[in-house]
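Scroll down for the structure; my scribbles are underneath it.
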2 protein chains.
Amino acid sequence: MTRPDPRQRMIQSAALLMREHGVEATSFSAVIEHSGAPRGSIYHHFPNGKAELVEAATRYAGDVIAAGLVAALGRSDPVAALHGFTNAWRATLADSDFAAGCPVVAATLEGDRSPAARDAAGGAFDRWETLLADAIAAHAVTPERARSLATLVVAAIEGAVIVARAQRSTDPLDRVAGELELLLSGTIDPAAGGSH
Amino acid sequence: MTRPDPRQRMIQSAALLMREHGVEATSFSAVIEHSGAPRGSIYHHFPNGKAELVEAATRYAGDVIAAGLVAALGRSDPVAALHGFTNAWRATLADSDFAAGCPVVAATLEGDRSPAARDAAGGAFDRWETLLADAIAAHAVTPERARSLATLVVAAIEGAVIVARAQRSTDPLDRVAGELELLLSGTIDPAAGGSH
DNA sequence: GTCTATACGAAGATAGAC
DNA sequence: GTCTATCTTCGTATAGAC
């Protein structure tokens, strides 16, 4: 358990701050303070400045969530994995008093000044969709249908997290999760695809 | 067709700028320039400064979309109304080169410094959900189910718009719209509720 | 209601020492 | 790799004249 290098800590801190306060409000000062990284080395680690940090943080967040998806889909069927994911979001919302959202969404919304970060966000969404779509397609669903179901799941959960933050309640997420699980369990064939 | 007063023009401009650049990047200078409103009267019209402007813009955007929902649901069934709405979003995305999103979402994400705006966003989401839920419940669906379907629709569309912006493509929105229409048309009873 | 001028702070970024 | 100092720009907000 070696301590991660400053660069990595800054990236993690940036992702955490972005998901709570947005990209614009995630200043270098805030990242320095949160990560405990040395002040003087920002432009050593990120020569292109903030745009580079934001892009790296977006990519990092995308990777973390993708890894979670891979793990969840590897040990259970899509419906159970979805259930676990919405549970994790519930915990994140409650633990942060509804301040924390998704860093990838933050990068998308303020992406007009960081095209690279926005593209990284688009790539992250695509990877999540593909992971989900492949898992769904393994259960006797056509690839096209699996893809549109996967997009719906990703979009609906991201949207539900936003509504939940605005209303300071997990109820919207609960309702969305219920509908998604109902739809998914009614569409896929539980018998197929089971390598579990 | 009288020209709206400066205050109203500033509110509209703020909403337009917020949906493209976010709350933080919507500066007074930008609002002044976009609206053509007089510089010196900002704090005359908005004594509480930017927080007040952002709250007003969020409320305004919520009202505009709610009015659109009322109109669409008044002249057609929920499925057709949904179709019209996603079409409108497609146009907004394409016309803005995928820069424009939803001002209410923007207010939610950067709502840690404008609690009033965030609350207005939560209220807007709730009204949209209620409008949709009532319309769905009129078609032989239980109120609880109608509510969760309505939340899913709102969340999924907002999420799809975000994914579409990140990927600079309307495809995600197309897939989500297709799934939502399929789900909705398969759940509601077209014969019921028809005052059309 | 609208103007100009200005105070004040914070942000991103650069330069040069160590 | 990390430090400090500094430049520049831009933001919100206020004061006081018209």
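Chain letters run A, B, ... following the sequence lines, proteins first and then strands; every chain starts at 1.
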(request) Spell out protein contact along nucleotides 2-18 of chain D as letters: B when the base is contacted, S when just the sugar-phosphate is, - when no protein heavy atom is under 4.0 Å; keep the 5' to 3' order. (result) BBB------SSBB----
(message) For the helix from C/dG1-D/dC18 to C/dC18-D/dG1, what angle separates the axis at the start from the axis at the finish, each from five pairs, in steps of 10°?
(response) 0°
(message) Tell me whether A/Asp126 is salt-bridged to A/Arg147, with the criterion being a basic N under 4.0 Å from an acidic carboxylate O.
(response) yes
(message) I need the CD1-P distance between A/Ile42 and D/dG1, as an integer number of Å.
(response) 16 Å
(request) To the nearest 0.5 Å, tell me how far A/Ile136 CD1 sits from A/Leu132 CG. (result) 5.5 Å
(request) Taking only Lys NZ, Arg NE, NH1 and NH2, and the carboxylate oxygens of Asp or Glu, determine whether B/Asp112 and B/Arg118 approach each other closer than 4.0 Å. (result) no
(message) Quick test of your reading of the model: are A/Asp63 and A/Arg127 salt-bridged, counting only N-O distances below 4.0 Å?
(response) yes
(request) Specify the separation, in whole Å, of atom CZ of A/Arg113 and atom P of C/dA11. (result) 15 Å
(message) Taking B/Arg59 first and then B/Glu55, would you say they form a salt bridge - that is, a charged N and a carboxylate O separated by under 4.0 Å?
(response) yes
(request) Return the value, rounded to whole Å, for the distance between atom CD of A/Glu52 and atom P of C/dG12. (result) 15 Å
(request) Show your working on side-chain contact (heavy atoms from CB on, under 4.5 Å) between A/Val23 and A/Thr58 and close with a plain yes or no. (result) CA-CA 10 Å; A/Val23 173; A/Thr58 305; over 6 Å; no
(request) Before giving the answer on side-chain contact (heavy atoms from CB on, under 4.5 Å), spell out for B/Val105 and B/Phe125 the whole-Å C-alpha distance, their side-chain angles and the decisive distance to 0.1 Å. (result) CA-CA 9 Å; B/Val105 170; B/Phe125 287 134; 4.2 Å; yes
(request) Supply the atom-to-atom distance B/Tyr43 OH to B/Glu52 CD, rounded to the nearest 0.5 angstrom. (result) 10.5 Å
